[in-house]
Amino acid sequence: MSLPIVAIIGRPNVGKSTFVNRLAGDQQAIVHDEPGITRDRTYRPAFWQDREFQVVDTGGLVFDDDTEFLPLIRQQAMAALAEASMAIFVVDGQAGVTAGDREIAQWLRQQQVPVLLAVNKCESIERGAIQAAEFWELGLGEPYPISAIHGSGTGELLDDAIEHLPSVDELEDNEEIKVAIVGRPNVGKSSLLNALTGEQRAIVSPVSGTTRDAIDMVVTRQDKTYRLIDTAGIRRKKNVDYGAEFFSINRAFKAIRRADVVLFVLDVLDGVTEQDLKLAGRIIDEGKATIIVLNKWDAVDKDSGTIYEYQRQIMSRLYFMEWAETIFVSALSGKRVDKILDAVDKAYEEYRRRVSTSVINEVLEDAVSWHSPPTSRQGKQGKIYYGTQVSSQPPTIALFVNDPKRFNDNYRRYIDRQFREQLGFTGTPVRLLWRGKKVRDLERGTNRATKV
Ligand code: GDP
Ligand code: GDP
């Protein structure tokens, strides 16, 4: 469940940053780091009463100016609004209504997002009420007099603001765990799909906007819903005429991309082949939670040690997935197949887990005490200032350091292992972003969006 977003909108200098700082306190900025999506907006976690949300400051919105970078700010504001549950429009009560305010108000009225109007800089109670009243003319309902600096009025504003956020139930209800069943031809994907859905009443649901024949199956178990992705792609096989291999791998890549959790199916009789490694590499690149399903276990002659021997051999090839749970199953007999969705639940939870900044920094401090960062030949030592989790799905932790180049692969792997050992994250990849940060930036604090 991702937190609802509150967009803060307004002209420059009305006090948006001051207001955001008041809401978010000293909580760290969340820098969304999604490859391929340019996002300069800074999200900061905040809460009021028992509701958690993220605030995004959209930068000063100006309409009547054609300076070069303004369209960009406007675009950012629009993008922020598009994903927001509500907006708070901040105006300057001391300046009174300006033409810029009118334009923003008109634009906001056309958007499908609830808006509350905060009239800032209203420190004085009597004058504030009069100053605020002037803003009725914007047609956005009752103006709330506030002072972002002193905090007065912000409580009433937030009491009403959280009423507009989607309820926690709403957020959880429409949650589906997207699961892709992926593997080479003949490892038993279709058999596994049958075993998983056989007893259940699976609802086949075509996916809108994707290729014509991508078909998902929706399975419910207890109170959870699983969307099994592109099951048509699993069933359509032995299509030798079309070059089954090429076709299926691209289809698998697409399914991986859409998934939260990947069931990576292997044939235990074959072990880990080159093709399996190729798929594994893609799963890692996409950063998906993963369960390694070792199928056809019924066909193996076993004694008490066999499972460990198989486990060891397979994981020595898939060492870069050592965090993933392995399950030996027989899709044919159905044996242990019921363990798979339990593992999916666990992996999904870890995939979305958030760890507080203080815990992350405890782990870091400890790690550095045991083993200090490398020192270059010139005697310059790597220094880790702090770390913070910047996103989940998969968990992504930014480490702010003096110079990323001073941290070699060995040390990076060491820090990686420390996070695993201390924080678990079983079933999900964890990304570490090594970011250079100047001391000057640190002193200025994180009030402003710092591009790192
Ligand atoms: P932004 O450009 O909208 O992010 O505005 P800032 O938060 O940077 O504030 C602009 C100026 O307004 C700064 O000088 C702030 O100190 C001042 N300011 C912000 N909030 C208040 C307030 O509640 N009362 C008064 N009097 N000044 C404020
Ligand atoms: P897919 O191409 O990955 O969808 O694989 P299929 O589900 O079509 O299975 C390929 C072959 O492996 C079929 O002949 C299945 O009967 C066989 N198979 C699948 N699962 C198992 C299993 O658990 N044990 C055994 N012994 N054979 C299996």
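In what follows, residues are counted from 1 in the order of the sequence shown. One-based numbering, in listed order, for ligands and for the atoms of each. Quantities reported herein were computed from a predicted structural model and do not represent experimental measurements. Scope of the values below: all heavy atoms of this structure, side chains included, with no hydrogens, waters or symmetry mates.
- Residue-to-ligand polar distances place V14 within reach of ligand 1: an N/O pair is separated by less than 3.5 Å.
- At a 3.5 angstrom cut-off on N or O pairs, V329 does not count as close to ligand 2.
- The N/O atoms of D57, backbone and side chain alike, include none that comes under 3.5 Å of an N/O atom in ligand 1.
- Any N or O atom pair closer than 3.5 Å counts here, and H150 shares no such pair with ligand 1.
- Residue-ligand proximity: P12 is placed with a non-hydrogen atom under 4.0 Å from ligand 1.
- Between the side chains of Y226 and D345, at least one donor N or O sits under 3.5 Å from an acceptor N or O.
- Note: no N/O pair closer than 3.5 Å links W297 and ligand 2 by distance alone.
- Residues F264 and M321 come closest through the heavy atom pair CD2-SD, 4.1 Å.
- E123 and S147 share a side-chain donor-acceptor pair at under 3.5 Å.
- Not one N or O of P185 is nearer than 3.5 Å to an N or O of ligand 2, by distance alone.
- The closest non-hydrogen atom to atom 25 (C) of ligand 2, taken over L332, V337, V265, comes from L332.
- Counted by atom type alone, T306 and D303 present one or more donor-acceptor pairs between their side chains at under 3.5 Å.
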